[in-house]
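Data block below; observations after.
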Amino acid sequence: MKQHFDIVVVGAGPAGLNAAQAAAREGATVAVLDDNPRAGGQIWRQGPGHPPQVPLQGLLAVLKTQTNVTLLPSTRVIAPLSPRGLLLESAEHGGVSISYDRLILATGARERLLPFAGWTLPGVTGAGALQALIKGGMPVRGERIVIAGSGPLLIAALATARAAGGRVLAVVEQASAFEVARFGASLLGEPAKLRQAFTMTRGFAGVRYWTGSIVRKAHGDGRVERVTIRRGEHESTLDCDRIACGYGLVPNITLAQALGCAITEAGEIVVDDEQRTSVDGVLAAGECTGVGGAELAGVEGEIAGLAASGVSANRTALQAQRARWRRFARRVETAFALQTAARTPPDDATLLCRCEDVSFGEVRAYPDWREAKLHTRCGMGACQGRICGAAASLYLGWQAAAPRPPFSPAQIGTLMAISEEPLPAE
Ligand SMILES: Cc1cc2nc3c(=O)[nH]c(=O)nc-3n(C[C@H](O)[C@H](O)[C@H](O)COP(=O)(O)OP(=O)(O)OC[C@H]3O[C@@H](n4cnc5c(N)ncnc54)[C@H](O)[C@@H]3O)c2cc1C
């Protein structure tokens with residue numbers, strides 16, 4: 001099966017859906033694909049008991065009326081194909097190749113997980129991962145939960161866990177009390193965000209909010225039972241059933257790197273004013289171009305959709321909105337920048353690569369990521385270094401090599417379709 005679309009959008013989160021809607025409005029044929037079974041991306045993830053939220057409902061309702069839009073759920077990009085094509089694996093259709101005139105990358109971000117002693121025990125997840133699991137139907141009613149790491153995602157996880165009946169004992173934030181307070185005060189300039197923060201935290205009633213603190217160790221026999229938290233010079237231990245720990249987000253640039261798009265030192269896709277990347281015909285929007293929240297992702301998506309469809313309309317208002325949310329994103333970045341305690345590597349015995357069971361000590365004996373991979377197999381398991389690569393980059397300053405397809409485990413039948421299509425030249 002091979003289909004051609006004027007515009008292909010990878011990612012059905014706020015950026016991708018807004019891009020698709022804007023592009024389709026101008027008459028282009030548009031395909032939006034996402035590896036999740038339902039559209040919404042991370043923030044609007046749907047699941048049992050979690051129907052589409054209001055903004056998503058609106059976007060999907062409009063997209064449904066646009067007959068030139070094709071939604072491809074449960075479909076992931078396995079490899080780029082040359083020229084201007086993608087090899088996909090779809091739960092419904094298996095291996096599929098499609099081609100495009102313009103490609104919009106709206107691949108979002110991933111959570112940054114940093115290893116600590118005991119982090120591979122069952123019951124330990126990322127903070128965003130806990131949300132995804134709850135939205136996917138995992139029961140947490142009555143469970144004692146500690147949420148840790150850094151950034152606004154901890155607050156979203158707190159709200160989701162409480163709404164599902166979890167007993168959140170503490171939110172452990174690595175940023176200092178001063179930075180958090182300064183950020184809180186800055187929300188006075190964004191009243192909607194302030195209201196949202198208050199609703200989500202309920203003013204932290206009934207929950208400890210520990211700043212300048214990090215998780216040191218998860219304890220348990222076969223499953224997490226306790227957590228040790230470093231709070232300045234002191235340590236506290238809490239009995240718990242779950243630890244959800246994530247240190248902010250890292251842009252998901254796998255496909256962009258494979259296509260040869262320029263990437264900033266901070267690991268974001270470089271885009272111009274129209275969201276065009278350095279590769280002709282490829283645009284990018286949302287958190288793959290820099291972490292900044294759903295509002296920024298949505299505006300960038302709309303600009304990318306208009307630019308991809310070749311509309312020359314005045315975009316001053318959209319650009320002003322984008323500038324506003326980019327300023328907000330910078331405030332978040334400053335407030336929750338990782339401090340020394342979070343940047344300090346774990347001890348040598350702690351697993352860095354949990355797919356291949358490789359400890360931090362084994363990995364740091366090598367001079368760079370490539371050597372470490374070749375000698376220890378770190379980063380060569382199911383997640384393909386998405387987790388340990390980000391941690392190694394933070395601790396050791398290593399740059400991960402550009403990813404090579406297939407980007408994720410794929411069926412043999414899908415891979416065989418590659419032989420019919422030439423891969424882009426290296
Ligand atoms: C785990 C997690 C949970 C989050 N929860 C919240 C929250 O509750 N509240 C909040 O304000 N913010 C949350 N965020 C932050 C969130 O990322 C943004 O605010 C917002 O969703 C960004 O929109 P986006 O369109 O840029 O990307 P996303 O919403 O992340 O959408 C990108 C989509 O692209 C898909 N994708 C990526 N690569 C491929 C590929 N190769 N093939 C197919 N599909 C692909 C992804 O699965 C995803 O659905 C969360 C982030 C993460 C990582």
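Small disclaimer: the values here were computed from a predicted structure and weren't measured. Both counts, for ligands and for their atoms, begin at 1 and track the order of listing.
Any N or O atom pair closer than 3.5 Å counts here, and Gln131 shares at least one such pair with ligand 1. For ligand 1, the polar-atom distance check finds no N/O of Val10 at less than 3.5 Å from any of the ligand's N/O atoms. Checked against a 3.5 angstrom limit, the closest N/O atoms of Ala285 and ligand 1 fall outside it. Considering backbone and side-chain atoms alike, Arg110 places every N or O at 3.5 Å or more from each N or O of ligand 1.
Distance from atom 34 (O) of ligand 1 to its nearest protein heavy atom, with residue and atom name: Gly11 CA, 3.2 Å. Protein heavy atom at the shortest distance from atom 30 (O) of ligand 1 is Gln42 CG, 3.1 Å. Atom 48 (C) of ligand 1 has its closest protein heavy atom at Asp34 OD2, 3.4 Å. Given atom 16 (C) of ligand 1, the protein heavy atom at minimum distance is Glu287 OE1, 3.3 Å. Considering only non-hydrogen protein atoms, atom 9 (N) of ligand 1 sits nearest to Ile43 CG1, 3.5 Å. Given atom 4 (C) of ligand 1, the protein heavy atom at minimum distance is Leu153 CD1, 3.5 Å. Atom 32 (C) of ligand 1 has its closest protein heavy atom at Ala106 O, 3.3 Å. From the protein, the heavy atom lying nearest to atom 27 (O) of ligand 1 is Gly108 CA, 3.2 Å.
The ligand atoms of ligand 1 that sit less than 4.0 angstrom from a heavy atom of Gly13 are 25 (O), 29 (O), 31 (O). Counting atoms of ligand 1 from 1 in the listed order, those under 4.0 Å from a heavy atom of Ala156 are 7 (C), 8 (O), 9 (N). Of all atoms in ligand 1, numbered sequentially from 1 with element shown, those under 4.0 Å from a heavy atom of Leu249 are 15 (C), 51 (C), 52 (C), 53 (C). Residue Asp35 has at least one heavy-atom neighbour below 4.0 Å for each of these atoms of ligand 1: 35 (C), 36 (N), 43 (C), 44 (N), 45 (C), 46 (C), 47 (O). The distance from ligand 1 to the heavy atoms of Ala294 drops below 4.0 Å at these ligand atoms: 19 (O). Atom numbering of ligand 1 starts at 1 in the shown order; those under 4.0 Å from a heavy atom of Gly41 are 29 (O), 31 (O), 49 (O). Close approach of ligand 1 to Gly293 is summarised as follows: ligand atoms under 4.0 Å from at least one heavy atom of the residue are 19 (O). Numbered from 1 in the order shown, with element, the atoms of ligand 1 that lie under 4.0 Å from a heavy atom of Asn252 read 37 (C), 38 (N).
The aromatic rings of Trp325 and Phe328 stand perpendicular to each other, their planes meeting at an angle above 60°, with 30° marking the opposite boundary.
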Give the table of side-chain donor-acceptor pairs shorter than 3.5 Å for residues 42-51, with sequence neighbours excluded, one pair per line with atom names and distance.
residue, atom, partner, partner atom, Å
Gln42, OE1, Arg45, NH2, 2.9
Arg45, NH1, Asn36, OD1, 3.2
Gln46, NE2, Ala39, O, 2.8

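Residue Ala109 holds the heavy atom nearest to atom 53 (C) of ligand 1 of all those in Ala12, Cys288, Gly128, Ala109. Ranked by closest heavy atom to atom 41 (N) of ligand 1, the top entry among Leu296, Thr289, Val77 is Val77. With Gly298, Gly292, Ala15 as candidates, the residue nearest to atom 25 (O) of ligand 1 on a non-hydrogen basis is Ala15.
Few gaps surround CZ on Arg326; more than 12 heavy atoms of other groups in view lie less than 6.0 Å from it.
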Discussion item. Set out, in order, the CA-CA distance, both residues' side-chain angles and the distance that settles side-chain hydrogen bond (donor to acceptor under 3.5 Å, both in side chains) for Glu173 and Ser150, then state yes or no.
Written reply: CA-CA 5 Å; Glu173 167 60 62; Ser150 196; 2.6 Å; yes
Worksheet item: Passes side-chain hydrogen bond (donor to acceptor under 3.5 Å, both in side chains), Arg331 versus Ser186? Steps please.
Response: CA-CA 8 Å; Arg331 293 215 297 273; Ser186 81; 3.2 Å; yes
Item to complete: Decide salt bridge (Lys or Arg N to Asp or Glu O under 4.0 Å) for Arg330 and Glu333; before the verdict, give the C-alpha distance in whole Å, the side-chain angles of both, and the deciding distance to 0.1 Å.
Response: CA-CA 5 Å; Arg330 276 196 292 276; Glu333 190 184 328; over 6 Å; no
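The shell of residues lying under 4.0 angstrom from ligand 1, judged by heavy atoms, excludes Ala132. Contact annotation: Leu17 has no heavy atom less than 4.0 Å from any atom of ligand 1. Contact annotation: Leu255 has no heavy atom less than 4.0 Å from any atom of ligand 1.
Side-chain atoms of Glu111 never come within 3.5 Å of backbone atoms of Leu249 as a donor-acceptor pair (strictly under, hydrogens ignored). A donor-acceptor pair under 3.5 Å is absent between the side-chain atoms of Thr414 and the main chain of Ile412, judged by distance alone. Distance alone, capped at 3.5 Å, is enough to place a donor-acceptor pair between the Thr264 side chain and the Glu268 backbone. At least one donor-acceptor pair under 3.5 Å links the side chain of Glu89 to the backbone N or O of Gln411.
Considering Tyr209, Phe198, Trp210 as possible partners of Phe204, the one that fulfils the ring-ring contact (aromatic ring centres under 6.0 Å, His included) test is Tyr209.
By the salt bridge (charged side-chain N to carboxylate O under 4.0 Å, His left out) test, Arg38 pairs with no residue at all, sequence neighbours left out.
Ring pair Tyr100/Phe5: centre-to-centre distance not below 6.0 Å.
Counting heavy atoms from C-beta on, the side chains of Arg343 and Tyr395 never come closer than 4.5 Å.
Looking at Arg226 and Asp241, no side-chain N of the basic residue comes within less than 4.0 Å of a carboxylate O on the acidic one, giving no salt bridge.
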